[in-house]
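Structure first, then comments.
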Amino acid sequence: MLIRITNTPRPYAWGSTTAIADLLGTEPAGGPEAELWLGAHPGSPARVVEGAVEDDLAQWAAVHAPGGRLPFLLKVLAASAPLSLQAHPTTEQARAGFERENAAGVPIDDPARNYKDPFAKPELLVALSDPFRALCGFRPVADARADLAALDDARLAPLLERLTDDDALPEVVAWLIARSPGVDAIVQAITDNVAAAADRPDRRDWLDTVARLSAHHPGDPGIAVSALMRTVVLRPGEALYLPAGNIHAYLEGLGLELMEASDNVLRGGLTPKHVDVPELMRVLDARPLPPPLLEPEHPRPGIAVYRPEGVPLSLTVMEAAALIEGVDARLDGPAIILCLDGAVTLGEHGELRRGESALVAEEQALRIVGTGRIAIASS
């Protein structure tokens, strides 16, 4: 069974006005187009074009999918401005938080609510643009301290005194995000020093990030937090995997994002939305870790499979070099296929052209042939 689907990109203010339309060959909306959601999440369920009687995939999943939901969500994400600093809970944290807020009578649509559902939200992102920039996770405190000390600004003394070692990170991050006394001066000092230090090539990435954040969120304590984090620059085909607890913010670029279908976001700055510092610190993994790069598997030339270990997410990108000869794909359950370029034939189900997408609703073997490029998302 194949259900042809479509959707309208979400018009978040940080979105690009052209990137999604340019990728998929659609008409620009005339405003920001930030995320195209392809899934059954009630926040923006994909609309049914053909193949099912339901109007959208949320309605379809409620009747046909195990547990009444499709457990993964594929997005095309296009950022022309930084997203908020954020982290996501584990399944256990999400379930407990959801039940706690329900018991307290907090409405689901309350802007101050932290947990919209009882599910985790690990996510992976594959870059399509060159570059794709992101903040993700913390770097060693010694590195961050050396960079900040090199600015030689007395206003940074309260921060430098707190940055004693890696174990100090949780306390320092909470102090910054809470905008404690003295933090505004630290943010201003870091901002003021960006132009003066911009020519230091060994500091380029983090200073470029500070400059970008200062332009969009002047005075926000997230600017100071970013100096403690890793700036990662991806090229097309390179990927990140962001597990529960990883603090991150996408800064710029176009990519494919696959996640478990959840809307649980604990924010830490760079946003006018609700920031709950104690709850964020409960879910935050405040340890220095290596860049969270995800290496794909290559079962044959022209096919890349992105599959984080221990997580029920899989994103496969197939290029024309493989599809022109034909690929026999075994889909073990529901999968969403998005055509990124050209056209492909999906066995007996017909053709998908650039910008078109479909849900393969059940386990099956599928012969895929064509001259295009596709992404296949599954759980």
Side-chain angles (χ1 to χ4, degrees), residues 3-52 54-60 70 72-84 86 109 111 116 121 123 125-134 212-213 215-217 234 236 249-259 261-263 265 267 270-273 315 317 336-344 351-359 372-377:
I3 301 172
R4 294 177 181 271
I5 58 176
T6 190
N7 212 342
T8 301
R10 307 293 286 168
Y12 305 140
W14 48 262
S16 167
T17 58
T18 59
I20 291 178
D22 287 348
L23 175 71
L24 301 180
T26 56
E27 286 294 322
E33 295 179 307
E35 295 179 345
L36 176 69
W37 291 25
L38 297 173
H41 194 285
S44 181
R47 301 190 303 275
V48 172
V49 175
E50 180 182 285
E54 290 81 11
D55 292 330
D56 61 51
L57 283 192
Q59 296 176 8
W60 176 87
L70 200 61
F72 65 94
L73 174 62
L74 176 65
K75 296 181 181 180
V76 182
L77 179 144
S80 63
L83 282 65
S84 62
Q86 57 189 263
D109 59 354
K116 306 297 179 63
K121 192 187 176 187
E123 57 193 49
L125 180 131
V126 178
L128 297 176
S129 62
D130 189 1
F132 187 99
R133 301 180 192 274
R212 189 181 302 272
L213 298 182
H216 290 281
H217 300 280
L234 303 179
Y250 298 138
L251 302 176
E252 174 195 31
L254 177 70
L256 292 175
E257 190 179 22
L258 178 62
M259 64 191 65
S262 170
D263 199 24
V265 179
R267 294 179 176 85
L270 309 178
T271 178
K273 295 183 179 179
L315 181 63
V317 178
I336 288 176
I337 303 177
L338 169 64
C339 186
L340 299 167
D341 195 19
V344 297
E351 191 175 64
L352 276 187
R353 294 183 176 274
R354 177 185 174 196
E356 296 179 341
S357 53
L359 170 72
R373 178 172 56 145
I374 62 170
I376 305 176

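Not measured: the values here are computed from a predicted model.
- With rounding to the nearest 0.5 Å, the separation of CG in Leu359 from CZ in Arg4 is 12.0 Å.
- Contact check for Ile337 versus Val344: no side-chain heavy atoms found under the 4.5 Å cut-off.
- Residues forming a side-chain hydrogen bond (donor to acceptor under 3.5 Å, both in side chains) with Glu356 (at least two apart in sequence, or on another chain): none.
- With contacts defined as side-chain heavy-atom distances shorter than 4.5 Å, the pair Leu256/Val76 qualifies.
- Rounding to the nearest 0.5 angstrom, the gap separating the CG atom in Leu251 from the CZ atom in Phe132 is 8.0 Å.
- To the nearest 0.5 angstrom, Gln86 atom CD is 6.0 Å from Lys121 atom NZ.
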Item to check | Derivation and outcome, side-chain contact (heavy atoms from CB on, under 4.5 Å), residues His216 and Trp14 | outcome: CA-CA 10 Å; His216 290 281; Trp14 48 262; over 6 Å; no
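- Side-chain contact check for Arg133 versus Arg212: some heavy-atom pair is nearer than 4.5 Å.
- Looking only at side-chain heavy atoms (C-beta outward), Thr17 and Ser80 stay at 4.5 Å or farther from each other.
- Atom CG of Leu38 is separated from atom CZ of Arg47 by 10.5 Å, given to the nearest 0.5 angstrom.
- The shortest distance between side-chain heavy atoms of Leu77 and Tyr12 does not fall below 4.5 Å.
- You'll find the side chain of Leu254 stays beyond 4.5 Å of the side chain of Asp22, heavy atoms only.
- Listed by chain and number, the residues in a ring-ring contact (aromatic ring centres under 6.0 Å, His included) with Phe72 amount to none (sequence neighbours excluded).
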